[in-house]
Amino acid sequence: MPGASHGWRTVPPMASVLVVEDDQFVRSALIRQLTEASYTVRSVGTALEALREVAHFRFDVVVLDLGLPDLDGSEALKMLRGITDVPVIIATARDDEAEIVRLLHAGADDYLVKPFSVEHLTARMAAVLRRARAVSGDPAPTTELRVGGLAIDPLRRQAELDGVPLDLTRREFDLLAFLAGRPGVVVPRKELLAEVWQQAYGDDQTIDVHLSWLRRKLGETAARPRYLHTLRGVGVKLEPPREHQP
Ligand code: CA
């Protein structure tokens with residue numbers, strides 16, 4: 001299985017993906033590469049066909065091109081969300097932050113800006129799938145998490161960066177482990193409060209303060225992030241820094 005040596009992008013067995021893409025060339029390339037990466041792939045070229053697919057089949061993840069011939073991307077996403085809560089990764093040709101933020105709010109789980117490599121796509125898909133499984137109540141991972149130079153052992157509650165042990169408080173560790181369990185996925189603040197602090201609501205400052213302590217221990221700052229990225233008004237994500245990415 002390609003990429004299997006990289007723990008942070010392990011592909012779950014036989015995950016099924018619906019590729020919604022009208023460009024025949026991009027579509028065949030994705031089908032071939034995702035099949036090689038052990039995904040079960042179906043694909044369609046319009047939003048209406050996509051709606052029919054998700055109404056009839058169960059998918060683990062949908063990759064949705066925003067530039068489809070029949071429906072505007074955000075319209076397509078809204079209609080998909082009306083009938084399914086399957087994780088959706090948006091593929092957009094425009095690196096338009098305002099639009100991406102709007103789509104994340106409208107129910108997209110993640111996004112990729114074209115052109116992207118299949119390694120990047122499968123990494124995002126694996127992350128989205130891990131998160132979906134976590135939400136559905138599967139037990140927390142008991143094996144070591146690795147994201148770039150980070151190694152996190154949830155059982156021993158120990159974390160290392162580039163082989164150097166990190167001295168983390170309980171909350172810092174929980175926050176790091178939670179984010180590292182879904183690398184590349186933007187986690188909304190509300191979800192962090194619920195999952196890490198076990199609070200239904202609370203003060204954003206609580207999260208910001210812990211994030212800034214955690215950043216300091218990881219040797220980074222908000223202005224020069226490496227692992228921890230804050231998306232204003234959206235949430236937080238942890239991903240390997242550029243030098244660790246495929
Ligand atoms: Ca298109």
Side-chain angles (χ1 to χ4, degrees), residues 2-3 9 11-12 14-132 182-186 188 229 231 233-235 237 239 242 245-246:
R9 52 192 175 104
V11 179
M14 298 303 282
S16 64
V17 53
L18 174 64
V19 172
V20 189
E21 169 63 67
D22 61 317
D23 184 316
Q24 196 56 54
F25 180 76
V26 176
R27 197 164 134 187
S28 351
L30 281 178
I31 294 171
R32 182 171 44 77
Q33 292 170 314
L34 288 174
T35 307
E36 280 169 9
S38 305
Y39 281 89
T40 307
V41 188
R42 290 178 67 91
S43 78
V44 291
T46 66
L48 291 179
E49 286 173 294
L51 292 170
R52 206 169 50 215
E53 283 287 309
V54 298
H56 285 96
F57 301 97
R58 207 194 67 79
F59 294 97
D60 293 306
V61 59
V62 173
V63 180
L64 177 66
D65 173 35
L66 280 193
L68 293 171
D70 57 340
L71 276 182
D72 168 67
S74 52
E75 203 55 39
L77 177 65
K78 206 159 73 186
M79 292 180 73
L80 269 179
R81 273 289 164 261
I83 51 176
T84 173
D85 56 5
V86 64
V88 175
I89 298 176
I90 296 292
T92 174
R94 298 178 296 258
D95 193 0
D96 178 345
E97 192 181 341
E99 180 177 37
I100 289 166
V101 167
R102 200 165 52 242
L103 290 164
L104 288 170
H105 278 304
D109 293 83
D110 206 347
Y111 70 94
L112 282 168
V113 176
K114 291 177 174 181
F116 51 80
S117 66
V118 77
E119 286 82 10
H120 199 165
L121 173 61
T122 53
R124 295 294 176 97
M125 290 186 0
V128 160
L129 290 171
R130 274 196 295 274
R131 183 172 166 205
R182 359 181 119 55
V185 173
V186 180
H229 301 263
L231 280 86
V234 185
K237 73 173 170 181
E239 66 182 12
R242 201 161 283 276
Q245 289 192 9

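Atoms within each ligand, like the ligands themselves, are counted from 1 in listed order.
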**Asked** Between Asp109 and Arg81, does at least one N-O distance fall below 4.0 Å, as a salt bridge requires?
**Response** yes
**With Val17, the side chain to side chain contact (heavy atoms under 4.5 Å, CB included) member among Ile31, Thr122, Leu34** = Leu34
**Prompt:** Listed by chain and number, what are the salt bridge (Lys or Arg N to Asp or Glu O under 4.0 Å) partners of Glu239, not counting sequence neighbours?
**Reply:** Arg124, Lys237
**Item:** For Ser74, side chain to side chain contact (heavy atoms under 4.5 Å, CB included) partners two or more places apart
**Value:** Asp72, Leu103
**Item:** Sub-4.5 Å side-chain heavy-atom contact between Leu121 and Leu30
**Value:** yes
**Message:** Test of understanding: with side chain to side chain donor-acceptor pair (under 3.5 Å), list the residues that count as partners of Arg42, not counting sequence neighbours.
**Reply:** Glu53
**Asked** From the Ca ion (ligand 1), how many protein N/O/S atoms are found at a distance short of 3.0 Å?
**Response** 3
